[in-house]
Amino acid sequence: MDYDFKSIEAKWQSWWAEHKTYRAVEDPSRPKFYVLDMFPYPSGAGLHVGHPLGYIASDIFSRYKRLRGFNVLHPMGYDAFGLPAEQYAIQTGQHPEKTTTVNIARYRSQLDRIGFSYDWEREVRTCDPAYYKWTQWAFLKMFDSWYDPVQDKARPISKLIEKFKKEGRWDGLSEQEQSDLLMQYRIAYQGETSVNWCEELGTVLANDEVKDGVSVRGGFPVVQKKMKQWQLRVSAYASRLLDSLESLDWSDSLKEMQRNWIGRSEGAEVEFDTVCDGVHRQITIFTTRVDTIFGVTFMVLAPESELVPQLTAAANKAEVEEYLAASRKKTERERMAQTGKNVTGVFSGSYGINPLTGEQIPIWISDYVLAGYGTGAIMAVPAHDSRDYAFARKFDLPIIPIIEGCDVSEESFDAKEGKMCNSGFLNGLDVKEAIEKAKDYVEAKGIGRRKVNYRLRDAIFSRQRYWGEPFPVYYKDGIATPLPESELPLCLPAIDSFKPTGEAPLARAKDWTYEGYPIETSTMPGFAGSSAYYLRYMDPHNDEALVSPEANGYWRSVDLYVGGTEHATGHLIYSRFWNKFLYDLGYVCEDEPFRKLVNQGMIQGRSNFVYRIKGTNTFVSSTLKDSYDTTEIHVDISLVHNDRLDLEAFKAWRPEFADAEFILDDGEYVCGWAVEKMSKSMYNVVNPDEVCDNYGADTLRLYEMFLGPVEQSKPWDTKGIDGVVRFLRKFWRLYWDREEFLVKDTEPSPAELKVLHKLIAKEQEDIENFSYNTTISAFMIAVGELASLGTVSRAILEPLAVLLCPFAPHVCEELWHALGHEGSVCDAPWPEYVAAYAADDTVTYPVQFNGKMRFTVDMPRSASPAEVEAAVRSNAQTDKYVAGMNIVKVIVVPGRIINIVLK
RNA sequence: GCCCGAGUGGCGGAAUGGUAGACGCGAUGGACUCAAAAUCCAUUGUCCCUUAAAGACGUGUGGGUUCGAUUCCCACCUCGGGCACCA
């Protein structure tokens with residue numbers, strides 16, 4: 001029989017489906033292992049070969065763990081709410097649900113062809129009401145909770161009310177006042193803050209959805225706007241999110257990204273007296289450099305700070321108003337661009353009083369100070385802060401150096417080193433000591449206190465969009481009131497048009513009311529549905545709970561999570577927050593959701609180019625292009641083989657090339673190439689379906705892993721796939737020769753057993769380290785060796801099929817059944833490694849003289865270093881290389897090398 | 001600017017202190033064939049050389065540690081990623 005991957009793959013894929021081979025069932029008698037992929041957003045473009053990279057890696061790991069006796073949970077689903085489907089609906093009028101369903105079906109068929117071991121009975125879709133019921137439920141729990149700083153965890157809001165009652169702060173408040181009070185404490189709360197507003201998308205965005213001042217989706221400009229929005233009090237968890245990062249088995253770079261995003265900084269808050277038109281008032285600033293307080297020459301408020309109206313002198317009002325108005329209109333991008341000399345600001349007309357020197361200093365307003373960080377007000381030390389320095393230079397404010405010997409004529413001295421001067425009681429101290437002493441001083445004087453600040457902000461949780469989870473909240477006489485849990489899920493209502501009209505789409509829904517009161521018209525953001533999906537997979541059909549304590553107690557948390565780095569500051573922060581919240585309330589048993597995380601690299605495209613001579617329709621081969629003035633044009637990689645252009649196909653590709661002429665090199669047109677992002681516009685997209693059609697799923701799986709380490713980005717180049725194709729054919733031929741099944745019940749030779757055991761040892765080690773490319777190399781070597789040994793023994797070939805099955809499940813399943821087994825190879829026992837064959841081994845030691853290799857010596861692996869040394873000293877060749885010199889020492893590294901040091 | 005990560009043949013990559021370039025692609029030569037495909041065999045870092053033996057050089061650059069460095073340390077260069085008025 002020949003290796004016919006098409007029929008083999010189709011046959012076993014349906015066999016697996018029929019036999020429910022990959023169904024996971026809780027079984028307390030077996031150890032569990034939970035392997036999770038980041039579920040995809042089902043986009044209209046379908047999958048390209050880069051997408052399944054992580055899925056293949058995790059599938060190999062799942063199958064391997066299963067062979068090692070673990071009860072593996074390996075689910076898949078869809079992150080199905082999101083902007084693109086809605087944008088598409090706006091353009092075409094098609095309901096997002098419809099396009100999403102179509103896209104999901106396409107994703108599913110593409111995934112199915114690759115032969116993943118997913119338990120599809122556990123599939124989740126975030127847009128399914130049965131699923132988003134639990135997203136809404138979690139929101140209600142967050143609404144009904146507060147963060148208790150004493151116990152350092154979230155607790156029911158009723159406990160807070162009890163506390164207020166005891167303190168006499170509750171009774172006598174009106175309903176509205178009670179609601180307003182609690183709103184300041186709820187984990188999910190509604191609050192007025194400065195938010196990222198994207199006009200083009202008609203919605204607010206969270207911090208991680210904005211990059212370089214534009215929206216991540218679409219790249220539209222973003223402005224700061226004060227708005228009342230639903231938010232999640234993620235900031236309450238900042239220190240816990242930071243601290244428990246230590247315990248996670250994630251890459252250092254990813255942890256570092258999260259640390260940066262959380263942005264802990266230690267400093268102090270200091271009170272400054274201010275005077276504005278004769279009115280005195282205290283304000284608080286935050287600084288990490290209390291030691292520089294003698295160098296303060298002015299203060300700055302953020303334009304959005306609520307202190308601005310209070311500290312604007314009547315005489316300066318007009319100017320300040322003008323500045324505030326201009327600042328409001330700027331996009332984030334414009335604000336970020338105005339660094340250094342372009343810095344802007346306006347004098348408020350009021351003054352602060354330095355609490356240490358008693359000196360009066362002007363208060364300015366500038367948007368280089370952020371409202372959302374610290375207190376929105378700073379003390380400016382231009383000599384030792386580059387931003388303050390730029391501002392002082394621009395507006396001609398004094399600069400007083402307070403560190404000995406520093407030169408501030410050209411730039412500020414920001415480093416935390418040197419000896420203090422011009423600083424009263426701090427003089428002569430080292431900067432680090434001065435910081436501590438100054439903190440002690442302000443605390444003792446009662447004018448300040450130590451304070452840790454975090455950059456991490458609360459997450460803006462509402463979106464003025466349609467295609468998301470509705471908030472289970474209605475407004476009873478203007479008071480935000482949760483829907484009773486029994487009303488969940490609150491289903492997304494039908495609307496007649498998706499076109500933006502300036503109001504939230506749900507405001508146009510008919511009867512969007514509860515008991516006659518209006519329901520919230522915002523919907524939840526994309527990260528809502530993805531924050532707890534890993535919990536839902538544990539118990540996906542439960543109507544009573546997000547996850548039952550039994551299911552959660554068994555599967556606990558994700559043992560291995562595979563996905564891209566792009567979620568480092570979004571999903572992976574929100575999920576950890578969400579999980580910690582549920583943990584605080586006792587709904588889940590683990591504090592962290594993802595124990596080990598592997599970031600797969602990107603698969604880049606390999607683009608091809610043709611070179612058109614400017615002003616003509618003549619194309620010159622890349623090998624000759626330097627003698628012409630050419631334009632580089634992307635050409636579809638399907639028209640190119642081995643970098644040689646198919647001229648006829650190229651002419652037929654697009655009408656403008658129909659009469660193209662060519663300058664060939666040696667009869668061939670050689671295309672240029674480059675590694676770029678895989679995308680339609682670069683004509684370098686490779687579709688996994690095509691690869692499955694032409695080479696088979698097992699080949700695709702092996703090749704993606706063989707390309708290089710999973711974590712690394714690497715280019716896809718289809719021409720390299722032949723090596724893997726040849727390997728699989730060779731592997732097949734160990735079992736089958738035309739019509740004859742070669743496997744016999746003969747005794748294997750020691751040489752054959754050695755090949756097998758070497759492979760078992762290598763695979764065990766490599767899979768645990770995600771070093772799949774080297775495992776596959778080891779397979780290629782082993783199969784080559786077995787072929788030349790003429791292996792037919794069942795004792796070798798049966799375990800061999802098991803070993804390869806995580807990588808190439810279809811072909812191994814076929815062979816496993818050909819060997820006479822009834823059940824799936826997935827349930828085969830992992831081949832035992834027989835230590836005897838390793839002990840029996842011979843090691844060929846290279847013998848070096850002063851680091852230079854001269855000859856080799858064969859020794860049994862079990863030989864002691866002393867025995868090896870003795871054997872080498874008495875070797876006939878040794879004398880020749882010693883040649884009259886003295887042997888200083890002999891270094892024997894067991895199993896590796898012998899080095900003889902001569903002098 | 002700050003913080004991570006990476007630089008190895010024509011290409012993807014292997015080796016985390018011990019024979020640098022495993023394995024694969026590509027390339028060259030050969031076998032089989034009327035021929036092609038497929039398959040198999042051999043060669044394939046650079047230099048010197050007719051060839052071979054032998055040798056020298058060689059993991060971004062320059063230093064250092066070591067009997068021995070792609071691997072560890074210091075400085076620099078280049079590329080990739082993240083953060084960036086966070087006081």
Side-chain angles (χ1 to χ4, degrees), chain A residues 211-212 251-261 263-265 267 285-290 292 300 302 335-340 343 366-370 372-381 384-388 390-391 414 453-457 565-566 568-569 599 601-602 606 642-643 673 675 702-703 706-709 711-727 729-730 733 771 773-781 784 787 844-856 888-903:
Chain A
K211 221 193 135 186
D212 297 329
S251 71
D252 289 336
S253 69
L254 193 73
K255 285 195 204 175
E256 193 59 27
M257 272 189 234
Q258 290 219 336
R259 281 191 204 105
N260 287 342
W261 191 259
R264 179 189 154 97
S265 65
I285 58 94
F286 174 75
T287 178
T288 53
R289 294 291 303 272
V290 217
T292 60
V300 188
R335 270 178 82 147
M336 282 158 62
Q338 41 176 270
T339 48
V343 70
S366 170
D367 53 19
Y368 85 87
V369 173
L370 305 177
Y373 186 76
T375 60
I378 62 152
M379 64 177 213
V381 187
H384 302 289
D385 182 289
S386 49
R387 298 152 299 181
D388 297 343
F391 194 81
D414 291 18
N453 255 330
Y454 295 92
R455 206 186 69 101
L456 184 71
R457 304 305 156 72
T565 2
E566 66 272 21
T569 54
N599 286 123
M602 296 237 296
R606 189 177 184 280
N642 210 0
D643 288 338
W673 62 273
V675 171
L702 279 165
Y703 186 54
F706 186 65
L707 276 177
E711 294 95 332
Q712 194 174 305
S713 288
K714 58 244 158 189
W716 176 274
D717 186 357
T718 306
K719 82 181 178 204
I721 206 167
D722 287 341
V724 166
V725 174
R726 283 177 201 140
F727 160 71
R729 266 204 294 257
K730 266 190 213 166
R733 283 203 205 107
S771 192
N773 52 335
T774 54
T775 319
I776 295 168
S777 296
F779 259 107
M780 289 175 170
I781 296 168
T844 302
Y845 281 97
V847 181
Q848 299 181 343
F849 290 85
N850 285 347
K852 284 217 186 302
M853 211 278 275
R854 294 301 178 186
F855 58 92
T856 60
V888 179
K889 58 178 165 176
V890 177
I891 298 153
V892 177
V893 184
R896 307 305 297 252
I897 200 156
I898 302 161
N899 189 16
I900 298 172
V901 184
L902 300 174
K903 208 164 191 175

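Chain letters run A, B, ... following the sequence lines, proteins first, then strands; residues in each count from 1.
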Open item on the list: Whole angstroms only, please: what is the CG-C1' distance between A:D212 and B:rG81?
Closed with: 13 Å
Task: Any strand: nucleotide that pairs with B:rU39 via Watson-Crick or wobble, under 3.5 Å - done: B:rA31
Open item on the list: Please report the distance separating the P of B:rU39 from the corresponding atom of B:rC49, rounded so that it comes out in whole Å.
Closed with: 39 Å
Open item on the list: Using the C1' atom as the point on both nucleotides, what is the distance between B:rU43 and B:rG21, in whole Å?
Closed with: 16 Å
Open item on the list: Can you tell me the base-pairing partner of B:rG17? Count Watson-Crick or G-U wobble geometry only, both distances below 3.5 Å, and say none if there is no partner.
Closed with: none
Open item on the list: Determine whether a donor-acceptor pair (N or O, by modelled atom type, separation under 3.5 Å) exists between the side chain of A:R455 and the backbone of A:N260.
Closed with: yes
Task: Integer-rounded Å distance: B:rG26 C1' and A:I721 CD1 - done: 16 Å
Open item on the list: If I take atom NZ in residue A:K889 and atom P in nucleotide B:rU66, what distance separates them, rounded to the nearest angstrom?
Closed with: 10 Å
TODO: Taking atom C1' in both B:rG9 and B:rG5, compute the distance separating them and give it to the nearest angstrom.
DONE: 24 Å
Open item on the list: So A:K255, base contact, sugar-phosphate only, or nothing? Heavy-atom distance under 4.0 Å.
Closed with: nothing
TODO: For B:rG9, decide between syn and anti, treating a glycosidic angle within 90° of 0 as syn.
DONE: syn
TODO: Would you mind telling me which residue lines up with the more 5' stretch of RNA chain B, A:E256 or A:Q712, judged by nearest nucleotide?
DONE: A:E256
Open item on the list: Taking any heavy-atom pair under 4.0 Å as a contact, classify A:R455: base, sugar-phosphate, or nothing.
Closed with: base
Task: Proximity to the side chain of A:M257 - top-ranked nucleotide from B:rG18, B:rG82, B:rA87 - done: B:rG82
Open item on the list: Please classify the nucleic acid contact of A:M780 as base, sugar-phosphate, or nothing, using heavy-atom distances under 4.0 Å.
Closed with: sugar-phosphate
Task: Candidates B:rA87, B:rC40, B:rG26 - which lies nearest the side chain of A:D722 - done: B:rG26
Task: Watson-Crick or G-U wobble mate for B:rA52, both contacts under 3.5 Å - done: none
- [ ] For B:rA27 versus B:rA37, give the span between their P atoms, rounded off to a whole number of Å.
- [x] 12 Å
Task: N-O pairing of A:D643 and A:R606 below 4.0 Å - done: yes
Task: Selected nucleotide, minimal atom distance to A:P709 side chain, candidates B:rA14, B:rG18, B:rA87 - done: B:rA14
Task: Aromatic ring pairing A:Y368/A:F391, orientation class (parallel under 30°, perpendicular over 60°, tilted between) - done: tilted
Task: Nearest listed nucleotide, side chain of A:P846, among B:rU19, B:rG82, B:rG12 - done: B:rU19
Open item on the list: Measuring only the P atom in each nucleotide, how far is B:rC57 from B:rC74? A whole number of Å is fine.
Closed with: 28 Å
Open item on the list: On the nucleotide B:rU39, are OP1 or OP2 found under 4.0 Å from the side-chain N or O atoms that A:R729 carries?
Closed with: yes
- [ ] Looking at every strand, decide which applies to A:L370 at a 4.0 Å heavy-atom threshold: base, sugar-phosphate, or nothing.
- [x] base
Task: Nearest-nucleotide pick for A:T774, side chain only, options being B:rC23, B:rC25, B:rA14 - done: B:rA14
TODO: Please report the closest heavy-atom contact between A:A302 and A:L370, naming both atoms and the distance.
DONE: CB-C, 3.7 Å
TODO: Would you indicate, yes or no, if B:rA87 has its OP1 or OP2 atom less than 4.0 angstrom from a side-chain nitrogen or oxygen of A:Y373?
DONE: yes
Open item on the list: Rounded to whole Å, how long is the line connecting atom CZ of A:R606 with atom P of B:rG26?
Closed with: 12 Å
Task: Spacing of the C1' atoms in B:rA54 and B:rU71 (rounded, Å) - done: 30 Å
TODO: Identify whether any heavy atom of A:T565 sits under 4.0 Å from a base atom; if not, whether one sits that close to sugar-phosphate; answer base, sugar-phosphate or nothing.
DONE: nothing
Open item on the list: I'd like the P distance from B:rU70 over to B:rU59, given in whole Å.
Closed with: 7 Å
Task: Watson-Crick or G-U counterpart of B:rU78, or none if no pair lies under 3.5 Å - done: B:rA6
- [ ] Quick one: label A:I891 by what it contacts on the DNA or RNA (base, sugar-phosphate, nothing), any heavy atom closer than 4.0 Å.
- [x] base
Open item on the list: Pick the closest RNA chain B nucleotide for A:R726 and for A:N850 by heavy atoms, then say which residue is nearer the 5' end.
Closed with: A:R726
Open item on the list: I need the CG-C1' distance between A:L254 and B:rC83, as an integer number of Å.
Closed with: 14 Å
TODO: Find the distance A:D252:CG to B:rA6:P and express it as a whole number of Å.
DONE: 10 Å
TODO: Would you check if the side chain of A:Y454 reaches a backbone N or O of A:S265 as a donor-acceptor pair within less than 3.5 Å?
DONE: no
Task: Geometric class of the A:F855/A:F849 ring pair [parallel <30°, tilted 30-60°, perpendicular >60°] - done: tilted
Task: Counterpart base for B:rA84, defined by Watson-Crick or G-U wobble contacts under 3.5 Å - done: none
Open item on the list: If I compare all heavy atoms of A:D388 with all of A:A380, which pair ends up nearest, and what's the gap?
Closed with: OD2-CA, 3.3 Å
Task: Contact under 4.0 Å: A:N773 side-chain N or O vs B:rA14 OP1/OP2 - done: yes
Task: Considering all heavy atoms, the nearest A:P846-A:M853 contact - done: CB-CG, 3.7 Å
Open item on the list: Does A:R259 reach a base, just sugar-phosphate, or nothing at all? Heavy atoms under 4.0 Å.
Closed with: nothing
Task: Heavy-atom pair with the smallest gap, counting every atom of A:M257 and A:T565 - done: CE-CG2, 3.5 Å
Task: Residue-phosphate contact under 4.0 Å: A:S265 side-chain N/O, B:rA87 OP1/OP2 - done: yes
TODO: Could you work out the separation of B:rA14 and B:rA20 based on their C1' atoms and round it to a whole Å?
DONE: 9 Å
TODO: Could you state the atom-to-atom distance from CG of A:D717 to P of B:rA27 in whole Å?
DONE: 12 Å
TODO: Provide the Watson-Crick or G-U wobble partner of B:rU44, both distances under 3.5 Å; none if there is no partner.
DONE: B:rG26
Open item on the list: Heavy atoms from C-beta onward define the side chain here; which of B:rG81, B:rG18, B:rG12 lies closest to that of A:K714?
Closed with: B:rG12
Open item on the list: Mind checking if A:V369 touches a base, just sugar-phosphate, or nothing, with heavy atoms under 4.0 Å?
Closed with: base
Task: Nucleotide B:rG24, atom P - distance to CG of A:L702 in whole Å - done: 13 Å
- [ ] With heavy atoms under 4.0 Å as the rule, sort A:R457 into base, sugar-phosphate or nothing.
- [x] base
